[in-house]
Amino acid sequence: MNRVEAVSGGIAVRKLLVRRAVGRVLEISAMSLAVLVALVAPAAAQEIDSGHTAWILTSTALVLFMTLPGLALFYGGLVRTRNVLSVLMHCFTIACLISVLWLVIAYSLAFADGTGWVGGFSKAFLGGVGTDSASGAIPETVFFMFQMTFAIITPALIVGAFPERVKFGPMLTFCGIWLIVVYAPVCHWIWGGGWLAEMGVLDFAGGLVVHATAGSSALVFAIVLGRRRGFPNELSPPHSPGLVMIGAAMLWVGWFGFNAGSALAADGNAGMAMTVTHLSAAMASLTWMAIEWIRFGKPSLVGIVTGMVAGLATITPASGFVGPIGGVVIGFVAGLVCFYAVQLVKHALKVDDSLDVFAVHGVGGITGILLVSFFGDPSLGGLGLAEGKTMASQLGVQAVGTIAVLVWSVVASFVILKALDLIVGLRVSEEDETTGLDLATHGERGYNI
Amino acid sequence: MNRVEAVSGGIAVRKLLVRRAVGRVLEISAMSLAVLVALVAPAAAQEIDSGHTAWILTSTALVLFMTLPGLALFYGGLVRTRNVLSVLMHCFTIACLISVLWLVIAYSLAFADGTGWVGGFSKAFLGGVGTDSASGAIPETVFFMFQMTFAIITPALIVGAFPERVKFGPMLTFCGIWLIVVYAPVCHWIWGGGWLAEMGVLDFAGGLVVHATAGSSALVFAIVLGRRRGFPNELSPPHSPGLVMIGAAMLWVGWFGFNAGSALAADGNAGMAMTVTHLSAAMASLTWMAIEWIRFGKPSLVGIVTGMVAGLATITPASGFVGPIGGVVIGFVAGLVCFYAVQLVKHALKVDDSLDVFAVHGVGGITGILLVSFFGDPSLGGLGLAEGKTMASQLGVQAVGTIAVLVWSVVASFVILKALDLIVGLRVSEEDETTGLDLATHGERGYNI
Amino acid sequence: MNRVEAVSGGIAVRKLLVRRAVGRVLEISAMSLAVLVALVAPAAAQEIDSGHTAWILTSTALVLFMTLPGLALFYGGLVRTRNVLSVLMHCFTIACLISVLWLVIAYSLAFADGTGWVGGFSKAFLGGVGTDSASGAIPETVFFMFQMTFAIITPALIVGAFPERVKFGPMLTFCGIWLIVVYAPVCHWIWGGGWLAEMGVLDFAGGLVVHATAGSSALVFAIVLGRRRGFPNELSPPHSPGLVMIGAAMLWVGWFGFNAGSALAADGNAGMAMTVTHLSAAMASLTWMAIEWIRFGKPSLVGIVTGMVAGLATITPASGFVGPIGGVVIGFVAGLVCFYAVQLVKHALKVDDSLDVFAVHGVGGITGILLVSFFGDPSLGGLGLAEGKTMASQLGVQAVGTIAVLVWSVVASFVILKALDLIVGLRVSEEDETTGLDLATHGERGYNI
Amino acid sequence: MKMVIAVIKPFKLEDVRSALTELGVQGLTVGEVRGFGRQKGHTEIYRGAEYEVHFLPKLRIEVVVSTTIVDRVVETLREAAQTGEIGDGKIFVLDVGQAVRIRTGEQGEDAL
Amino acid sequence: MKMVIAVIKPFKLEDVRSALTELGVQGLTVGEVRGFGRQKGHTEIYRGAEYEVHFLPKLRIEVVVSTTIVDRVVETLREAAQTGEIGDGKIFVLDVGQAVRIRTGEQGEDAL
Amino acid sequence: MKMVIAVIKPFKLEDVRSALTELGVQGLTVGEVRGFGRQKGHTEIYRGAEYEVHFLPKLRIEVVVSTTIVDRVVETLREAAQTGEIGDGKIFVLDVGQAVRIRTGEQGEDAL
Ligand SMILES: Nc1ncnc2c1ncn2[C@@H]1O[C@H](COP(=O)(O)OP(=O)(O)O)[C@@H](O)[C@H]1O
Ligand SMILES: Nc1ncnc2c1ncn2[C@@H]1O[C@H](COP(=O)(O)OP(=O)(O)O)[C@@H](O)[C@H]1O
Ligand SMILES: Nc1ncnc2c1ncn2[C@@H]1O[C@H](COP(=O)(O)OP(=O)(O)O)[C@@H](O)[C@H]1O
């Protein structure tokens with residue numbers, strides 16, 4: 001596998017494919033002019049590969065499907081009946097708001113040429129991008145859309161931290177600001193050719209960019225917002241485990257686009273990424289189920305699908321670098337680590353990160369980021385670490401990246417939230433919380449059966 | 001972008017790609033015979049492009065998914081509990097019936113060579129179409145299937161006009177006749193190389209073919225059928241806003257196949273179509289939400305997803321011709337116009353187009369058809385109008401197309417409905433209406449919880 | 001169509017494509033060296049086709065989607081409220097367990113070189129398979145994943161035989177053993193180049209490999225396990241026909257990946273497979289609906305979607321060999337035969353194959369296997385039978401294959417079940433059965449509304 | 001005081017409520033119930049299997065009123081709920097010893 | 001007339017209904033309720049968090065019968081609903097002052 | 001014996017249950033009901049159409065206790081269920097002629 005590719009999912013493949021085109025031209029320098037022409041012509045025509053494009057178009061649909069309705073149902077089923085619609089509403093409005101902001105400015109900040117810290121404004125409103133603009137072997141509009149779906153699901157993940165008590169407007173405002181202040185820069189650092197990319201941080205599909213940023217910010221949100229009334233003693237069980245499972249299943253399927261799509265091509269790398277992604281999800285699910293079975297005597301549906309999400313979040317950064325066995329091992333670790341992380345955060349620290357965003361996504365994503373250093377190494381069946389990196393040095397780089405991302409996410413989120421809390425307030429009234437946000441905030445009821 | 005392509009989504013691309021193949025041969029007329037052979041051979045082999053084919057196969061799945069279960073759930077959640085199954089049944093049976101009729105005759109009437117008014121019978125039962133038959137760069141069977149999914153969802157959209165009171169058999173009969181008398185011809189006019197195509201009407205993915213025909217016929221159906229008992233004073237709220245959102249989310253994702261698939265290729269046009277489609281949906285959702293927030297103080301889930309559908313219906317005809325900013329503006333207009341259209345039809349005119357098919361799809365589709373004339377123009381970031389058209393002349397053509405389609409849809413639907421009403425009757429008994437169609441017509445209950 | 005291809009969906013296409021590559025080289029042997037180079041170079045580069053790969057990556061997602069959540073919801077809606085979660089749990093855990101076993105050993109037993117009876121161990125843990133390994137025109141990892149989704153859904157189909165009363169652990173154990181003892185070998189016989197493949201058995205996407213094995217084993221399971229309390233007199237209606245329809249719709253869409261994906265390419269064969277698959281589903285649905293309408297006066301939602309599944313299961317083995325009209329006829333037969341099969345098994349034989357796995361999948365799959373002999377023949381619009389076969393001789397071969405698969409599935413399943421029953425017991429206590437498996441086994445309730 | 005319990009057809013609720021309100025009744029409580037009676041249930045058929053449904057959806061209205069107006073309440077309720085078809089339901093009247101308004105603690109008729 | 005209110009285990013409904021029908025009872029009304037009593041609830045566990053469920057699903061049967069047969073009704077009902085295990089439920093008997101059939105206006109025992 | 005019927009706000013159930021348990025009440029039955037009263041409903045808006053919701057979700061608690069403690073039960077229940085805001089609900093007390101425990105056949109107060 002091309003070393004450069006290892007640098008990151010986003011830009012690497014683009015570079016790689018350009019290189020291929022060039023390469024093809026060089027190889028044949030010895031041939032007759034006629035043949036040269038014969039070969040260059042198609043090569044140029046091949047610039048945009050319809051097969052790779054078809055797969056990324058599909059992946060874009062799959063990743064959007066993860067948020068709408070996947071994640072929305074996964075979260076919606078976990079809350080109480082009287083708040084189910086508000087959760088769906090959160091995910092839906094975030095998707096809409098982020099999409100527009102992504103066009104206006106965020107895409108440019110993440111992927112336009114700029115400093116090592118943040119991209120420039122040249123691509124604001126997709127400036128200079130037309131139907132013929134290419135990003136590697138695919139049209140840039142397709143790359144733009146694919147990346148947008150990542151930008152959508154990341155703040156949507158945070159929804160799990162504040163259900164049943166957050167004020168609608170401020171919540172939406174937070175997500176908008178957060179996209180620009182936290183997501184876009186971090187995305188640039190790692191996938192936009194920024195300083196962490198230069199350093200050789202490996203994050204194939206978003207262990208840091210997506211899960212660490214969302215997970216840590218979710219923890220901050222839960223702390224600043226405070227616990228739900230009655231937490232933790234008068235907990236209500238998920239109002240619809242079936243809905244949770246439906247959402248989870250959609251997440252699993254959609255994740256194929258998330259990870260295998262991050263190869264930005266329909267090739268062997270995509271195939272291997274899909275394979276390890278699937279195996280990790282399966283193994284983590286079985287692990288979580290086993291723990292519940294042993295500890296409580298009853299393996300639960302909500303439990304096993306939580307394990308699945310843990311497995312998927314954990315393999316995400318590693319999905320382009322490890323082999324099948326690495327995928328299985330990572331899945332096992334994911335189930336184990338995240339299960340106990342949930343116990344720690346919720347039952348030991350008593351933080352009401354209501355739907356365990358940090359314990360599952362944050363902890364999972366970081367675990368995956370660190371494990372890449374080992375299972376990405378050919379000696380452990382991996383496809384290769386960053387250029388010239390050993391397990392140790394790679395681990396060091398991964399740690400630096402993790403710390404940088406966590407610090408920035410936590411600090412920025414804290415500031416934004418405190419500001420919003422002072423200005424407009426983050427939390428609904430006790431009465432609204434009791435009534436439930438569906439009726440209080442949105443004037444609807446979940447089930448008029 | 002090739003002007004011809006602008007003529008329509010359907011046939012244009014086919015023509016275009018043939019042209020490309022030819023073009024490639026000409027370009028090289030100066031080269032040596034050897035090279036000529038070298039180039040022609042692959043060119044021939046390229047006749048069917050696996051990448052384009054992969055994307056249209058995928059798009060076909062996505063568009064079928066829009067109807068089953070997408071649209072069915074969207075509509076099913078909006079009615080009362082006692083009628084939810086009947087709505088699912090309507091969408092499902094329509095999908096089955098239309099599929100068979102599409103093979104038997106409708107595809108041929110729409111796409112086989114014929115007059116400017118309707119296609120011939122040569123392709124009835126897919127006559128002469130085998131695994132090797134090509135339609136542009138994709139197999140004709142794939143084109144047949146992709147177009148079938150459009151033929152399915154169009155009458156399925158009409159379901160929103162007559163729920164909770166229509167008689168099952170006559171409803172199904174109407175849809176069958178309507179496909180052949182209204183859909184197939186109109187499809188031929190615009191996508192089959194018919195008179196409107198010749199005139200230069202721009203309708204990329206079905207503003208007229210799909211939304212205007214369905215919307216206007218729905219209005220006629222609602223009027224001929226009459227209002228539900230208790231309309232409008234004793235309205236019931238949607239029995240399951242969550243179900244509505246699930247269906248809406250599936251529609252959004254599926255619409256990627258609908259619009260980006262209409263490029264009939266996995267290329268930059270598809271990428272741009274997906275981009276503007278998504279942006280319009282997002283912007284229209286936010287617009288509708290804003291209006292509700294301001295007017296009623298409570299942004300609702302059913303509201304925002306209705307805005308989403310409005311945005312998607314409106315961008316549909318424009319999706320292959322406008323740029324990103326055009327997409328956002330069209331989305332904004334869509335949210336605004338359709339919101340007030342709903343108020344007008346339902347609350348001013350008191351027409352019980354129960355699920356607002358006309359106000360959302362009809363009005364939206366027509367709005368999009370007209371807006372193409374402006375935002376399709378390069379001066380407004382568009383990709384180009386029809387050959388030799390100015391904004392003004394294009395607008396004229398679009399208007400002619402709209403009027404022609406509306407008149408034909410309304411007249412034909414009215415005649416079919418009146419006939420059916422006389423012969424078998426369109427409406428169930430008062431008692432059945434009170435019992436609910438689930439039990440009365442299908443012998444089932446929605447929830448045995 | 002290449003005869004070899006007819007031998008089976010799995011390996012044939014691989015062979016075929018290799019042949020094509022070779023062929024292309026030969027054709028041009030007369031040309032100048034320069035041109036030869038010019039052509040071979042791209043030919044080599046084409047080894048893995050991005051378009052075919054894109055479609056199979058997509059198909060893999062579609063087929064996984066069939067099980068999670070498609071089949072799970074289809075089955076979950078058919079049981080009583082108190083057992084809905086247990087059914088979802090069955091499908092989900094089976095998916096996880098099979099995935100891991102598929103990597104460990106099953107894939108190797110099915111597709112690695114071995115005897116005519118079973119594959120060897122060379123591909124255990126994907127031994128020797130990397131990102132560059134190809135399987136025909138697609139990466140082998142993609143072929144591995146695509147086939148895995150088939151291995152997942154097959155035992156998941158059996159879930160319909162034992163809901164509401166089976167013990168969780170033993171159920172899972174059975175599925176694991178069954179995969180290795182029944183599925184993997186049968187898969188090798190037919191798709192892995194085994195003895196039935198050699199004999200010329202035609203099974204494009206799994207009439208025998210998937211539906212006959214699952215259906216017959218389900219019947220055995222239902223008999224060994226015994227009937228639910230109160231069967232058949234105190235039957236409960238499906239607790240949520242809507243959920244059943246959602247699952248069914250997902251199955252329909254996913255089946256496009258199942259059948260059209262089995263072409264292992266994005267080409268005319270895939271297009272035709274998708275076409276006949278869709279037409280059969282539509283026709284079978286209408287047939288089942290018609291029968292209910294005539295017999296009971298009320299066409300039901302659960303009925304029509306059951307017809308749909310019958311149509312899809314029946315066309316599966318034929319989907320790569322028949323033409324559009326063949327697809328319609330097969331669909332009609334499917335609806336008719338399966339409807340009466342349900343009556344026979346459940347109401348005549350009083351076997352509590354609770355969700356009619358055998359009557360719909362088993363009978364359907366076998367019917368399709370036999371019908372291929374006729375509608376696969378060019379004289380009936382088919383694409384061709386196995387090399388040198390006449391309708392009669394093909395029918396003979398198909399019969400042999402069917403009997404072999406049924407005998408092996410029944411015997412093996414019976415032995416495994418009896419053993420498990422003796423050692424741990426297959427059935428929950430009467431009390432747990434009354435309480436419902438959701439609470440008794442998994443400690444959750446389906447709806448806390 | 002009397003407690004009037006009425007089992008009625010679901011779609012009659014609105015009529016009953018408004019009729020009672022006109023009569024000056026300040027409040028009532030409604031619960032969803034399933035009723036078995038002369039009005040026979042129906043059969044649902046799933047994949048050819050007949051499923052006998054004995055119980056029909058009804059609404060159970062519970063309203064406590066002063067003894068002085070109980071007869072008028074019953075009569076009004078009966079008229080509002082009547083369709084003349086089998087399955088219209090029943091009205092039962094029971095004695096109430098005491099009534100309390102939780103918010104204020106008011107007792108007896110003041111609590112209604 | 002008497003109103004017999006019984007709280008029973010859900011899966012006993014069919015037995016109770018047929019038993020009462022045999023006794024000549026023409027109708028009854030059933031509602032879904034949750035019961036709290038000696039029979040302890042259970043704990044559900046979500047992601048390691050224990051959730052104490054105090055209430056168990058029960059059915060509340062309400063049947064009005066003539067005073068002459070009330071004892072037999074109670075006895076029959078008890079036998080039909082009994083499993084002998086804790087949580088079988090209760091039967092309460094109340095006085096009914098008046099009964100009316102909405103459809104016909106019939107009063108008293110004729111209304112039953 | 002007396003039957004105490006209370007209509008309360010849903011989220012007060014837990015308070016009421018524990019308060020009554022402390023008082024020694026061994027069991028009670030709860031049903032979900034919709035209430036109409038002074039506390040006005042709300043309007044839901046769908047696509048600009050106003051939908052008037054007259055009924056509010058409430059819980060109906062039914063508990064049978066011995067006459068000796070009925071007053072304390074009513075008082076305790078009232079305190080536990082009270083928020084002081086309109087819509088808190090009502091408590092009604094009815095006479096119970098007979099009580100039977102299905103499991104054992106015990107009668108009267110022993111059955112409670
Ligand atoms: N004896 C009874 N006790 C309690 N409820 C009854 C009784 N008889 C009938 N009901 C209720 O009244 C409803 C209507 O009674 P039914 O006999 O079907 O028609 P009608 O009221 O016209 O005689 C029943 O569904 C049941 O809920
Ligand atoms: N005092 C009471 N008032 C009203 N309902 C009661 C009372 N005691 C018990 N119940 C109902 O009876 C059900 C069964 O009572 P429980 O004490 O659990 O078992 P058992 O009936 O065998 O003593 C309870 O779930 C509750 O619904
Ligand atoms: N006369 C009545 N009979 C039966 N239930 C009543 C009666 N009046 C009120 N209720 C119930 O009590 C609930 C609260 O009553 P309401 O008048 O709204 O407030 P408050 O109890 O504070 O006066 C109502 O929703 C209704 O369920």
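Just so it is clear, the structure is predicted and the values come from calculations on it, not from any experiment. So that the names make sense, note that chain A is the first sequence line, chain B the second, and so on, each numbered from 1. Computed over heavy atoms, backbone and side chain alike; hydrogens, waters and symmetry mates excluded.
- Looking at D:V70, neither its backbone nor its side chain comes within 4.5 Å of chain E, counting heavy atoms on both sides.
- Using a 4.5 Å cut-off between heavy atoms, E:L59 touches chain D through its side chain atoms alone.
- Most heavy-atom pairs under 4.5 Å with chain E: of the set D:E75, D:R60, D:E32, D:Q39, this distinction falls to D:R60.
- Taking the side chain as every heavy atom from C-beta outward, D:I61 and D:T29 never approach each other to under 4.5 Å.
- Looking at E:L94, the atoms closer than 4.5 Å to chain D (heavy atoms on both sides) all sit in the side chain, from C-beta outward.
- Of the atoms belonging to D:E79, not a single heavy atom falls under 4.5 Å from chain E.
- Between D:F36 and D:F55, the two ring planes are tilted [angle within 30° to 60°].
- Proximity of D:F11 to D:L13: side-chain heavy atoms (C-beta onward) are nowhere separated by under 4.5 Å.
- At least one side-chain heavy atom of E:R72 sits less than 4.5 Å from a side-chain heavy atom of E:L23.
- Contact annotation: the side chain of E:M3 never approaches that of E:V93 to less than 4.5 Å [non-hydrogen atoms, C-beta and beyond].
- The greatest number of non-hydrogen atom pairs below 4.5 Å with chain D, out of E:E14, E:R101, E:R17, is found for E:R17.
- Looking at D:F92, both its backbone and its side chain come within 4.5 Å of chain E, counting heavy atoms on both sides.
- Contacts between D:L56 and chain E at a heavy-atom distance below 4.5 Å are absent for every atom of the residue.
- Contact of E:A111 with chain D is made through the backbone alone, with heavy-atom distances under 4.5 Å.
- By the 4.5 Å heavy-atom criterion applied to side chains, D:E85 and E:R103 are not counted as neighbours.
- At a threshold of 4.5 Å between non-hydrogen side-chain atoms, the residues E:V73 and E:V25 count as touching.
- In this structure, no portion of E:Q107 lies under 4.5 Å from any heavy atom of chain D.
- Among E:V64, E:V63, E:D95, E:T104, the residue with the largest count of heavy-atom pairs under 4.5 Å with chain D is E:V64.
- Contacts of D:K58 with chain E are absent, with no heavy-atom separation under 4.5 Å from either backbone or side chain.
- Of the possible polar contacts, none joining the D:D88 side chain to the E:I102 backbone as a donor-acceptor pair under 3.5 Å is found.
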